[in-house]
Amino acid sequence: MVETAIKKVSPLDGLAGPVGGNVKLTSNGFVGKVIIRGDSDNKDFVMAVKDVTGVEIPTTALTFNEGETYSIYWMGPDEWMIMTPEDGEVALETALREKLGETPSQVVNVSDYYASMRLSGPAAREVLKKGSPLDLHPSKFKAGNCTGTRFAHATIFMVQRDEEPTYDINVRISFAEYLWNYFVEASREFG
Amino acid sequence: MLVIKCPFCGERDQTEFTCHGEAHIARPENPDELTDEQWGDYIFFRQNIKGYQYERWSHDHGCGRWFNALRNSVTDQFVDTYKIGEEKPAIPSDEGK
Amino acid sequence: MSQSNRIKTGGRIDRNKPVSFTFDGKTFQGFEGDTLASALLANNVHLMGRSFKYHRPRGVLSAGSEEPNAIVTIGSGKRSDPNTRATVVEMFDGLEASSQNCWPSLNFDIGGINNKLSRFFPAGFYYKTFMWPKSMWMKYEEIIRASAGMGVAPEEGDPDTYAVKHEYCDVLIAGGGPAGLSAALTAGRTGARVILIDEQNEFGGSLLSDHGAEIDGKPAMDWVDAALAELKEMEEVTILNRTAVIGYFDHNFITAMEKITDHLGPQDSNDTPRQRFWKIRAKQVVLASGSFERPMLFGDNDRPGVMLASAVRTYINRYGVLPGKDMVVFTNNDSAYKTALDAFANGGRVEIVDTRVDPKGPLVEQARSLDITIHTNAAIVGTKGYRRLKGVEVMELNEAGDGVKGTKFHIGCDVVAMSSGWNPAVNLFSQARGKLRYDEELTSFVPDHCQWDNYSVGSCNGTFTLEGALSEGLEAGLKAAQAAGFGEGQSVPATPSAPEVEHGDMRTLWYIPMDRPLARGKKHFHEFQNDSTVADIHLAAREGYISVEHLKRYTTTGMGTDQGKTSNVNAIAIMAQIRGVSIPQVGTTTFRPPFVPVTFGAIAGHDVEDLFLQARKTPMHSAHDRNGAIYEDVGDWKRPYYFPKAGEDMHAAVQRECKAVRDSVGIMDGSTLGKLDIQGKDASRLLNLLYTNAWSKLAPGKCRYGLMCNEHGMVFDDGVTTCIGENHYHMTTTTGGAGRVANWIEEWIQTEYPDWDVYATSVTEQWAVSILNGPKSRKVLEKLVDIDLSAEAFPFMAMKECHIAGVPARIYRISFTGELSYEINVPARYGLHVWDALLEAGEEFDICQYGTETMHVLRAEKGFIIAGQDTDGSVTPMDLDMDWIVSKKKGDFLGRRSFTRTDTARTDRKQLVGVLTEDPNVVLMEGAHLVRELKDKPPMDMLGHVTSSYMSPNCGRSIAMALIRDGKNLKGQSFMVPTMSGKAHKVTITDPIFFDKENKRIDGEPS
Amino acid sequence: MNKYSVFSLVRNAMSYHENWQKAWRSPDPKKEYDVVIVGGGAHGLATAYYLAKECGITNVAILEKGWLGGGNTGRNTTIVRSNYLWDESSAIYEHAMKLWENLSQDLNYNVMFSQRGLLHLAHNVHDMQEIGRRGHAIHLNGIDSEFLTPEQVKEIEPTINLDCRYPVLGALLQRRGGSARHDAVAWGYARAADDMGVDIIQNCEVTGFDIQDGVVKGVETSRGHIGAKKVGVVTAGHSSVMANMAGFRMPLESFPLQAMVSEPLKPVINTVIMSGAVHVYLSQSDKGELVVGAGSDNFVSYSQRGSFDMMDHIVGPLKELFPFTSRLRMMRQWGGIVDVTVDRSPIITKTPVENMFFNCGWGTGGFKATPGSGNVFAHSIANGELHPIAAPFTMNRFNTGALIDEGAAAAVAH
Ligand SMILES: Cc1cc2nc3c(=O)[nH]c(=O)nc-3n(C[C@H](O)[C@H](O)[C@H](O)COP(=O)(O)OP(=O)(O)OC[C@H]3O[C@@H](n4cnc5c(N)ncnc54)[C@H](O)[C@@H]3O)c2cc1C
Ligand SMILES: NC(=O)c1ccc[n+]([C@@H]2O[C@H](COP(=O)([O-])OP(=O)(O)OC[C@H]3O[C@@H](n4cnc5c(N)ncnc54)[C@H](O)[C@@H]3O)[C@@H](O)[C@H]2O)c1
Ligand SMILES: Cc1cc2nc3c(=O)[nH]c(=O)nc-3n(C[C@H](O)[C@H](O)[C@H](O)COP(=O)(O)O)c2cc1C
Ligand SMILES: [Zn+2]
């Protein structure tokens, strides 16, 4: 077998960020992401996820629960995303699948499907408002919320981390360069 | 430009959704027992109501769920949205007004 | 003399900031705070444009966005803005303006000949002529086109940027005059999210021009300043000036356009967008957009110098410009007396012509007390002057107001300030499907009811007093906030006092009679921009175009850039008069967005050039760039089309790539294929529903090809699905079909079979896919993987999980070329790593990178279809000669019932066949048709068309596939394929498999 | 009827245009007609005209609930072409095209039919295959079509951006394609039909059908009962509503299709341009505005208005393909209710009710068919059997599966 140094490549590698200080844009690297589908009314399902991750499945729409290693995000009434530190996803996937056994569910590793980037700074909200039809007012969408929505032509899954505000934005990797460049261009006027 | 209440995510902008036409058209259980006319009716013929109509939407850019809605196709106002499997809301009595 | 019309003091212009600007190349001076119109008027320039049809000289009519006449081009080259209203252009130093629709110059315009001939050009004249000789129409049309139009399109390459913003609010207030400001105050005080918008640079609306107005005993503008100061302190209130609300759509969706740098002139940097387009969702809307004054319709009422009375007042009070020294105020109401008084106070010589028999009231008395001459029961019947007003002719009116009497007398003047009443600006309300009501007393349409949550206040509601505007605003602002859930228990504050002099009655004459019948000599323009006259309305009525919508379209009234803001109601009223019906019986035309014209650039925002639409790229894209790929757009994806070597054209490259794959080994990027992960006990049940073949018995690690049909029974996608483990499948779809198939699956499992235990999730981008093809592919792969690749251990249509170049992979042994092939899936982050490793490992075999075109040729050599190319939504599996893939046993599946419909069951449908040209060097054009019988010229009876056609280096000749009527039965027969150039090629219908018919190559070279 | 010509124009100018006659009468409805046409759009008016002119049936009424041409006829982007894919479509659209070519003279009303040429742009390999197929099919049906290189496209439309996101790879040109003045088409047909005795009745809404034993006997209207030996329904977006009144369903859905115009400009766009991949179709009217078509709302609606998001979708592409439009302004936007079939082809059909005929489903692209549609529909009503050109378009095709799928192969059907 030929041995070469293994390199991981992200579509965000090498992209220039915004120029001024009011918007920051960074890549979140290779955060592990696993989608889990199932019925939150089914105790076996809920328990299995809790057992493996140590985190309760959030059943309130647009919220997430954070644990020590894992955090679980509501994506839909029967769909959640579990985030893990880099390279934790395969072990998680295996553990979940094992634990869930016959329980109706789906476990899918989507770590590479989504690129994750962080948009923050005083003008971050203004940048998002350029492409997203979501009401981002601090009283409507705040730290602790997450949701699927749209930004320009991309479907995104967005998490608000704090009130700075800081947003983590997940997007299919094939849209990542487009979205990044859009954010950069949209930031230009804010310096 | 409608505001649509996703039964799961709440009120959202129309551009997050796709409409999939008339709701409550069940796929025939035994297609072989249908005449060509009956089968054609199932795949092609629609009520296309001017007034209140039940229809299907999906929250593509949100939670990805499909749901049903009762909407007035003249005023473009929604009476309600409801989950698949839930009983359909009644047509308001101002019908024909 | 420079600025000869500038009043010495006063106005809201900044006299410390003089600016110079040019109009048609001539330099003028003005001040910051001027508009282009006010600055030109200050310089005594009235002639600003030419009309659309008759090329009549035109001056400025209004002082706002309703301007129909003073339409100019601002800037030049890439930054030219044609069709701009001079009345809304804010002055900056160096502003460059030019006139339009005239040649060689504004002053002397050849097109003015149209005016001389206007008698032959009434409304709709073009429908009656230019028909003979028939062949000449296109020539006539060219002339019509060249003389129509207005401004000239700018050069391409707009240097400016634009932005879009989505916003939400509880209360949106359109208009920042007294009504809007007071609504903002009460709404804002509740803590609700409020957006206050006005299209002008300053807030205050009509108060900006009303120097005498007082609120609570102080100048009204003090109240405006205090209101603004209070609003600015409110955290949840957004104040937008220079922003026009342009659209009011369903569910209170409001669009607005903000001018950010237009008033500053061309900018060096385009970091700051020129304009911002707002998309606002408001819970409640307060419309406070004011009203438009109506012009008087009298003979030759379009001469430069004839202006709306309120506009003259605005120029005097707001801009410090007295548009002329000698003014005639022509009115049917009291409000224009304020203009007379202000002009008089500023040194103008003023006479008043009032249609009323006995005007009274304080304003009239005041004018009388100043010895201003008032001609009562009188009307202007004509004007003097062509490029500039020189005087008016006045006569006495008869009792009914439909004729004149007595002797005509002349008043020399250079300005007419006219007013025939006011129309509430119901545009936005009406856009929102609001229904209007005709108010007899006001003689205008006012808002009645609307299905969306809004309030009309102030003069757009027909409330024409200041106190009324304030009180309606205060009340609506609070009510709206409360309806949005704020300010519970708060009550409406007392209305500040704003005493006004009493206004007397109006005498509405929809048009002013002359001493001659209508249409003889002088023209009564009701619609200035498109040159529509009162006589045109009569003509339309005479010819039966009596519906208001026919009237509009026949005379083009209201179809200009001002959309009839000053003309619509007059036109409607005159039609009512002619028909002898009431005004509401005629009805209005429909108000449509935008309220004022909006640039396309602003709507597009940042969605331009590279951000116009995402170009989706695979994880190996940088390698393809490096390796010189030429790309093909497939859906949103950029896919390598071919990889030319130095000196190669596409043909040479593809021929080389095709050979290399079959002779040794090739590699392509298959990452764009759609992929779905499917899990659950009912997963195979789902596959059985979707695909035409049976899926119950697929063992883990095995792959199967499937076709999907829609319920019409027509093929709509295909692909290989693999059993990953128990109740776990990996489905692939075509690149273009990925989204469609994913939605299709969701539709069925969410809506029809929600009880099934099955979930599907897209994993398209999770996997980077490198595809090895060719007899040497095993040799290449061997070097990198940790599994046995022998045909026995890893047979065709199997999948193995393993490591490649140190990273985890799923390798599928499936083949779209008939060669030994491995589709290597690795997590996307490793895609480039594995691709490069494969290239390196393949070096000794001269591994060939190939693109989609080679893939297409290779699969065609084997007769494999491409859904979407060899099918078009009207093709069944049977038409593809793929009966074998349609299960007869498994029971029902999507589309099956449709196969037995009479037409679908026909055996002579178009069927997929191979086509070989007699001359092996001829490559048929894709889309060419086979004909039953070649004729000298069309029409010819077509059998069907070529769906795929290539030069195949492996077959040593051209090959093609085609969908041919009754094709299965025509195999072996020869037909002709005519080309567009008149040549024809002889072809024979064959089986569609051209290469390795026995399928011997699938296992490649033994390992 | 006084004849329109340059001479009559001059003559009337001398009498201050006071002697022009009404273009059409406004008669009260008679008790009964041989044929009642429901819907005063251009298709309905054309049907009446050809009934009178070619079938000798002049005891005809057209009932229009609003004003003539106020439906889609008055709100379409006026693209006229006959370069459709399938033979059946070619036949009907080319039949129309031939009638268009003499229509102004035929009606003695200048409908400003302008054969300025129509370009279908191809932006990717799939598009190239599509125009290849269609171009050949049209050619072999005896209809003009030419393939253009990008350079040739640029010569015809110098302002186009060939190198846009989806570069222009080629184009299909129909030189005989172009546009016509939509209102004039309605008015011209109305005037000519009226002249032959057809009663044009506006503000007369059909509210029900008088059907006895499965045979139509008349219509109920806002102006009372009107008897009819035969009824032809040509109500576009409202066809399902009419079918519902008659007791059956149609394979249709109604959507608001959107359009807009820019402020008027001196000539800058020379032909009619259609681009599927970049999603633009536009032309410049004789008055100077760019007439730009957008998509339709994706939900059933009978509200005849422009919505925002469809407009929004078209503006980026417009600027991409024609960068000079960036600083231009939109002047007005609107919408019309189009009746769309699954196969994007019209329905000309007999119905379950005897003597009742429907002509509908023209969806987003029926203006161009107006003369042909009216012509074959008139013959079908007169003979009681579908005209051969109309026969493939019967609604029974949705049961047999003999769809004429113009949507599947080409993306747009305008
Ligand atoms: C925005 C837009 C762009 C388009 N662009 C093109 C294009 O570029 N090229 C092209 O070829 N086609 C185009 N079309 C399609 C084209 O406009 C239509 O196919 C065509 O005009 C249909 O004509 P019609 O006479 O059948 O329908 P309409 O003109 O809609 O006439 C139907 C009439 O029936 C009347 N009616 C309805 N119900 C009743 C009743 N109960 N009683 C009495 N009367 C009734 C309506 O009031 C209406 O006047 C476009 C359509 C739209 C909306
Ligand atoms: N007969 C009369 O004497 C008479 C007639 C009309 C008005 N008025 C006076 O006018 C005042 C009415 O106050 P008001 O507040 O109702 O109207 P206003 O005219 O004072 O203010 C309306 C404001 O709305 C803005 N606007 C209009 N359309 C807009 C749009 N689409 N987007 C953004 N901004 C837009 C205008 O720029 C203006 O500033 C009172 O003082 C009244 O006395 C008197
Ligand atoms: C080909 C075409 C050209 C048009 N040109 C203009 C125009 O120059 N000015 C204008 O105001 N409207 C124009 N319109 C739009 C009409 O004013 C009107 O919006 C349309 O007929 C729909 O009617 P409605 O808006 O009254 O519902 C045009 C419409 C069409 C179909
Ligand atoms: Zn949702």
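Legend: residues meeting side-chain contact (heavy atoms from CB on, under 4.5 Å) with T159(D), ordered by chain and number and at least two apart, are V268(D), I269(D), F322(D), F324(D). Qualifying salt bridge (charged side-chain N to carboxylate O under 4.0 Å, His left out) partners for D870(C), counting only residues two or more places apart in sequence or in other chains: R859(C).
Both the backbone and the side chain of T904(C) come within contact range of chain D, each with at least one heavy atom under 4.5 Å from a heavy atom of that chain. In this structure, chain D has a heavy atom under 4.5 Å from the side chain of L539(C), while its backbone stays farther away. Heavy-atom distances place both the backbone and the side chain of Y127(C) under 4.5 Å from chain D. Using a 4.5 Å cut-off between heavy atoms, R433(C) touches chain D through its side chain atoms alone. Contact of F52(C) with chain D is made through the side chain alone, with heavy-atom distances under 4.5 Å. Heavy atoms of V634(C) lying under 4.5 Å from chain D are absent altogether. Neither the backbone nor the side chain of Y140(C) comes within contact range of chain D, judged by heavy atoms closer than 4.5 Å. Contacts of A535(C) with chain D are absent, with no heavy-atom separation under 4.5 Å from either backbone or side chain. With a threshold of 4.5 angstrom between heavy atoms, D250(C) approaches chain D through side-chain atoms but not through N, CA, C or O. For T561(C), the parts lying under 4.5 angstrom from a heavy atom of chain D are both the backbone and the side chain. Heavy atoms of S80(C) lying under 4.5 Å from chain D belong exclusively to its backbone. At a 4.5 Å heavy-atom cutoff, the contact between S147(C) and chain D is made by backbone atoms alone. D610(C) does not touch chain D: none of its heavy atoms, backbone or side chain, sits under 4.5 Å away. Looking at R906(C), neither its backbone nor its side chain comes within 4.5 Å of chain D, counting heavy atoms on both sides.
Here the side chain of K128(C) pairs no donor or acceptor atom with the backbone of S8(D) at under 3.5 angstrom. Formation of a donor-acceptor pair under 3.5 Å by the E141(C) side chain with backbone atoms of M112(D) is not found in this model. Looking only at distances, no side-chain donor or acceptor of W334(D) sits under 3.5 Å from a matching main-chain atom of R592(C).
Separating the CD atom in Q869(C) from the CD atom in E130(D) is a distance of 13.0 Å, to the nearest 0.5 Å. Remark: D343(D) CG to H712(C) NE2 distance equals 9.0 Å, nearest 0.5 Å. Separation of atoms CG (N110(D)) and CZ (F130(C)) is listed at 8.0 Å; rounding is to 0.5 Å. Distance check: E155(C) CD to S326(D) OG gives 13.5 Å after rounding to the nearest 0.5 Å.
Taking the charged nitrogens against the carboxylate oxygens, D607(C) and K319(D) have no contact shorter than 4.0 Å, which rules out a salt bridge.
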Chi angles and distances behind the salt bridge (Lys or Arg N to Asp or Glu O under 4.0 Å) call for E18(D), R520(C): CA-CA 11 Å; E18(D) 278 167 9; R520(C) 314 274 160 111; 2.9 Å; yes

Working for salt bridge (Lys or Arg N to Asp or Glu O under 4.0 Å), residues R165(D) and D633(C): CA-CA 9 Å; R165(D) 166 68 180 81; D633(C) 286 302; 3.1 Å; yes

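Ranked by heavy-atom pairs under 4.5 Å with chain D, the list T129(C), V931(C), V598(C), I246(C) is led by V598(C). In terms of heavy-atom pairs under 4.5 Å with chain C, the best-connected choice from P264(D), P317(D), G288(D), G74(D) is P264(D). Considering only heavy-atom pairs separated by less than 4.5 Å from chain D, the leading option among T979(C), D636(C), D941(C), D562(C) is D636(C). Among M150(C), R542(C), H929(C), the residue with the largest count of heavy-atom pairs under 4.5 Å with chain D is R542(C). Highest contact tally toward chain D, considering only K279(C), R909(C), M559(C), Q100(C), is held by K279(C) [criterion: heavy-atom pairs under 4.5 Å].
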